[in-house]
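A quick write-up on the structure given underneath.
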Amino acid sequence: MDKSFLQSSYLDKVIKEMALVAGYLWAKGWAERNAGNISVNVTGHVETGQAELVSFPEKKLEKAYPSLAGAFILLSGIGTRMRDLAGDPVGNTCMIRITDDGEGFQNLDDGTVRDKLQPTSELPTHLAIHEMLVIRNAGEKAVVHTHVNELIALTHIKKFTDEKAINDLLWAMHPETVVFVPHGIGFVPYCLPGSEKIACATLKALEDHNVILWEKHGCLAIGDDVQDAFDQIDILAKSAQIYFLCKSAGFEPQGMNKKDLDEIRKNYLKDIF
Ligand SMILES: [Zn+2]
């Protein structure tokens with residue numbers, strides 16, 4: 001089957017970026033086995049008509065996503081290792097199109113080219129987030145989920161299982177965190193991974209934050225593109241690393257004080273605060 005409609009310089013760029021970031025996640029030790037997943041809403045960048053689409057079977061979704069009707073989403077495949085995605089992005093990602101009624105999807109990789117690679121098992125969470133971003137008319141098109149060791153470790157410390165406490169700590173560890181993650185992380189108390197409960201709590205937390213920390217599990221970020229989502233996670237991870245470095249050396253980190261933080265916000269975040 002001719003799948004030339006899945007090839008464009010824009011899609012090439014997105015796929016390369018997914019591969020780059022997947023490699024970072026693996027290299028940082030945040031993507032053991034098949035942990036982590038990435039998706040990008042590429043609607044508007046796939047040139048295709050009904051003639052090409054008619055041959056792809058429709059699969060029913062458990063829940064409808066009417067605001068995503070007709071959307072094209074590029075995702076990491078089910079069971080995909082991030083290190084494999086880094087080396088062979090085309091073979092480890094798949095493109096889906098949400099049906100016109102929003103109640104199902106067509107897997108445009110069903111067939112011969114990629115041997116029926118299915119989208120990540122976290123598909124419902126990714127779709128719910130992309131739908132929320134469309135409704136919100138937000139600029140963010142990418143979603144990245146990964147298991148950041150230092151951030152997960154923080155959530156095993158009782159006093160940091162509180163949104164204010166953990167954000168105050170992360171901001172106090174490095175000026176960059178204050179500037180580039182000004183709204184901090186949204187903290188989601190432990191829920192069963194992949195459950196409806198975690199998806200609902202995540203959507204709620206995304207109303208005020210671009211990065212969500214799932215207690216004892218990992219984090220999820222939205223960004224304009226995949227690198228933007230990664231950068232925010234990376235900055236937060238650095239703050240957590242600095243905290244644990246000080247603790248490992250036997251010291252309680254001083255952290256920046258309120259005056260330092262207020263000065264940074266006043267100088268760099270005039271539009272927000
Ligand atoms: Zn996970």
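Sequence positions, counted from 1, serve as the residue numbers for this chain. Please read these numbers as outputs of a predicted model, since none were measured by experiment. Just so you know, ligand 1 is whichever comes first in the structure, and atom 1 is the first atom listed for that ligand.
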(message) Strictly distance-based, threshold 3.5 Å: is any side-chain N or O of E150 a donor or acceptor partner for the main-chain N or O of A237?
(response)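 Checking the backbone N and O of A237 against the side chain of E150, no donor-acceptor pair under 3.5 Å is found.
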(message) Show, in sequence, the C-alpha distance, side-chain angles and deciding distance for T120 and H126, and conclude whether the side chain to side chain donor-acceptor pair (under 3.5 Å) test is met.
(response) CA-CA 9 Å; T120 167; H126 283 258; 5.1 Å; no
(request) Only counting residues at least two apart or in another chain, list the ones meeting ring-ring contact (aromatic ring centres under 6.0 Å, His included) with H145. (result) H147, W214, H217
(request) Go through the structure and list residues passing side-chain hydrogen bond (donor to acceptor under 3.5 Å, both in side chains) with D12, not counting sequence neighbours. (result)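 So D12 forms no side-chain hydrogen bond (donor to acceptor under 3.5 Å, both in side chains) with any residue.
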(request) Give me the protein N, O or S atoms that fall under 2.8 Å of the Zn ion (ligand 1), sorted by chain and residue number. (result)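 For the Zn ion (ligand 1), the protein N, O and S atoms that sit under 2.8 Å away are H145 NE2, H147 NE2, H217 NE2.
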(message) Between D225 and K13, does any NZ, NE, NH1 or NH2 come within less than 4.0 Å of an OD or OE carboxylate oxygen?
(response)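 No.
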Residues 191-198, side-chain donor-acceptor partners within the protein, below 3.5 Å, at least two apart:
from: S195; atom 1: OG; to: L192; atom 2: O; distance (Å): 2.6
from: S195; atom 1: OG; to: I198; atom 2: N; distance (Å): 3.3

